[in-house]
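In what follows, a single structure is set out as structure tokens and then discussed.
Every chain is numbered from 1 and lettered A, B, ... according to where its sequence line falls, protein lines coming before strand lines.
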Protein chains: 2
Amino acid sequence: MTTTEEATLSVDSTRLWQTLSDLGSIGAFHDADTGLNGVCRLALTDADIAGRKLVVGWMRAAGLSVRIDAVGNVYARRSGLDDTLAPVMVGSHIDSVATAGRFDGCLGVLGGLEIVRTLNDHGLTTRRPIEVAIFSEEEGARFGTDMLGSATAAGRIPLTEARGRTDRDGVTFGEELDRYCLVGQQSVPMPTAPHAYLECHIEQGPILETHRSEIGVVSGVQAITWLEVEIAGRAAHAGATPDALRHDAELAAALIRVHLDEMVKSSEYGAMLATVGRHETLPNLINIVPSHVLLTIDLRNHDGVDMSRAEDDLTEFFRDVERRVGVTITSRTTAKTPPVHFPEAMQDLIEKCAANLGLRHEHITSGAGHDAGEIAALCPAGMIFVPGLYDGISHNPREYSTPQACANGINVLMQAVLELSAHE
Amino acid sequence: MTTTEEATLSVDSTRLWQTLSDLGSIGAFHDADTGLNGVCRLALTDADIAGRKLVVGWMRAAGLSVRIDAVGNVYARRSGLDDTLAPVMVGSHIDSVATAGRFDGCLGVLGGLEIVRTLNDHGLTTRRPIEVAIFSEEEGARFGTDMLGSATAAGRIPLTEARGRTDRDGVTFGEELDRYCLVGQQSVPMPTAPHAYLECHIEQGPILETHRSEIGVVSGVQAITWLEVEIAGRAAHAGATPDALRHDAELAAALIRVHLDEMVKSSEYGAMLATVGRHETLPNLINIVPSHVLLTIDLRNHDGVDMSRAEDDLTEFFRDVERRVGVTITSRTTAKTPPVHFPEAMQDLIEKCAANLGLRHEHITSGAGHDAGEIAALCPAGMIFVPGLYDGISHNPREYSTPQACANGINVLMQAVLELSAHE
């Protein structure tokens, strides 16, 4: 149980906002499309290193002892009354995509720092130690695998594989870690699991804003499957080729896209989402029946069994389209992660904290992958979402959550941390 | 009626083939994809001018008197017994697309030359004069409007508009005509219409080859409508955006493509063809719901009324998709030509000539535009198609018609010319 003082504790919303702004100025660029400043701190670039230095400086100034592991993940520790107990860990990432805003990941890290500062201000010491983590290359925007740091910490990705990942110039993750002296003593996977892990993050979607919810209690992370689909037909003259003699790759692609929509709307596949995000047509000329289409399919599902059934039925539909349109369809799975379900106890705790603070909340499944989904393999994990404006647009300079929305999320996070750190 | 000698006359297949080969060497390039030599003689480039010089040289050597009009169309005349009569004109073009073969257009021009040479060999003089025409910029591949020369000769495109057409470097058609001294005395539109116009051309489609037909009696040229369609939705995270909150431009594009297929197969729109040849998706990333799609629609129809109804119904379907998907669809007509129907008498004549020569023939509608479709505004016109191999592939170095197929077409052309030129 938290004390009365702890139960009424609030973070300093202005200070939290200031750290978000200060970190957001590192790697900032002017975006002509939006007229706004965006952020570019691709993992282990000079900008990312500058951002790490700024945040680690703040951590040290707040009295935290900073350790680093073999893939550059940072763990900043605040001692508890009993330092033999496993810590309660909060964290996220501060690397970004090339066209980012200032909230994605940063809120979780700087929120952890703000909790520490608030506890310091009030001279409060928790029973368990608290650790604030910064995980490396969460975005996957430079080395091609997202959650690279946390997945290695959790043991899903072997260290040698992580170090061998290359960017588009052929530079390896390992070389960059060495160059910036970011290889610490702490091994990966983590030798001792935390007691629990919590992460506060912007939603990156429109649900909370649409429902006027202030807090999302995240039930888990959706399963993701990525397919790269190549359709091979035959180029032909648009005027001189009768319909019956065509092998139209563009028509085949359209039939697949429409079928995916029917699958999503059928409810036979649970909470399925489907996106065809890339579509390239060859030869891409107005009066030539397309010979080839390359398209990508992004499938999401709350449930692994529903996902497998959708994948199987889609493969069967490809064969059907091959017969109907006279094309050849080749499909390759380029990514596949199972769903993550956060423990009910963690969801209940977050829900209780939000309710105690009088914040409107709802359960929500994360559409995107997060470090919490990886650390969930090590210890009970949970996530708190806060709403973003403009349909929750993210990975874009327009990404924006209000100071109040951010403070709400970190206040819920703080209450949950206090509760978790009070127990053995 | 033709004489007995004329009725048994045959062109020299080897000589015709040699001229096709010789002209095909002008502007030749090695195509790595096919391992074959292709042809690039974009209108009024050095290569096109070299091709014109070669062919005009052959025309003069065959005793023809060569005139040129204000847009560079060449008319090479063989006197008849009565030069006060309007000539029978045969023709086509020798300009090419950037990745052409050696048959498209050239067969019609060099076939005309071969007829003149054959008549010369046999000392035959027709009653009417015969003219062999080379029309400028039929392909539209450089100055953006196909049949530019013949459409100006026929009065559909005003001379000043034709001269003002620019290539991608901003050079005008008029400047190039002046530079190469290709502006002759003969005005456009033609002051005196020919008695009749005939054009032999490769089919550029698979129908004749599929049916094992040796000659296509062309009934007309399909109506063509080109649309450029822009679909504006909203970019969104593929994982974090529920289906009901999406505005997916890619889905809208697919619904349109599938609907076009249903229209084609419904038979409610006559002999309709539909092609989506270009498709560009933005931002074209695997995990982002596309915000924009640009696509082109190529509609063909034998009948103008069916075409109009298809266009209207398609526009209505756009509105339906806007409502269903929550996108905005903007459509622009970038080209529109009505159908051309060649006179029955011309079709009957060609059919009779093919039958007399024992050649398997069928009626066929041209899917592509041709100079004959323009000259049809001036005088009775007709077209003869010959089959191409490999599904009639064209605008590609693989374009190929056999020596026998070419000779068959020109023999039919010659018989029709003899018949037409015998009458007043």
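- The choice from A:Ile364, A:Leu295, A:Asp243 that makes the most heavy-atom pairs within less than 4.5 Å of chain B is A:Asp243.
- The number of heavy atoms from other shown groups lying within 6.0 Å of CD (B:Glu228) is above 12.
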Apply side chain to side chain contact (heavy atoms under 4.5 Å, CB included) to A:Asn284 and B:Glu280, showing your working. CA-CA 8 Å; A:Asn284 212 32; B:Glu280 275 148 35; 2.7 Å; yes
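- For B:Thr241, the parts lying under 4.5 angstrom from a heavy atom of chain A are both the backbone and the side chain.
- Contact of A:Leu285 with chain B is made through the backbone alone, with heavy-atom distances under 4.5 Å.
- For a residue to count as touching a neighbouring chain, one of its non-hydrogen atoms must lie under 4.5 Å from one of that chain's; by this rule B:Ala236 does not touch chain A.
- Within the model, atoms CD1 of B:Ile297 and CD1 of A:Ile286 stand 9.5 Å from one another, a figure rounded to the nearest 0.5 Å.
- Of the two parts of B:Thr210, only the side chain, counted from C-beta on, holds a non-hydrogen atom closer than 4.5 Å to a non-hydrogen atom of chain A.
- Residues of residues 259-273 of chain B placed with any heavy atom under 4.5 Å of a heavy atom in chain A are listed by number as B:Asp261, B:Val264, B:Lys265, B:Leu273.
- Between chain A and the residues B:Ile393, B:Ile224, B:Leu245, the largest count of heavy-atom pairs under 4.5 Å involves B:Leu245.
- Here the options are B:Glu250, B:His237, B:Arg246, the test is side chain to side chain contact (heavy atoms under 4.5 Å, CB included), and the partner is A:Thr275; only B:Arg246 passes.
- The candidate with the highest count of non-hydrogen atom pairs below 4.5 Å against chain A, out of B:Gly277, B:Ala249, B:Gly367, is B:Gly277.
- Counting only distance, with no hydrogens or angles, the side chain of B:Gln204 and the backbone of A:Ala240 share no donor-acceptor pair below 3.5 Å.
- Only the side chain of A:Asp248 comes within less than 4.5 Å of a heavy atom of chain B; its backbone N, CA, C and O stay farther away.
- Highest contact tally toward chain A, considering only B:Asp298, B:Leu251, B:Ile256, is held by B:Leu251 [criterion: heavy-atom pairs under 4.5 Å].
- Only the side chain of A:Asp391 comes within less than 4.5 Å of a heavy atom in chain B; its backbone stays farther off.
- Rounding to the nearest 0.5 Å gives a distance of 6.0 Å between CG of B:Asn287 and CZ of A:Arg300.
- Taking CD1 of A:Ile288 as the reference point, atom CZ of B:Arg278 lies at 13.0 Å (rounded to 0.5 Å).
- Taking the side chain as every heavy atom from C-beta outward, A:Val258 and B:Arg257 never approach each other to under 4.5 Å.
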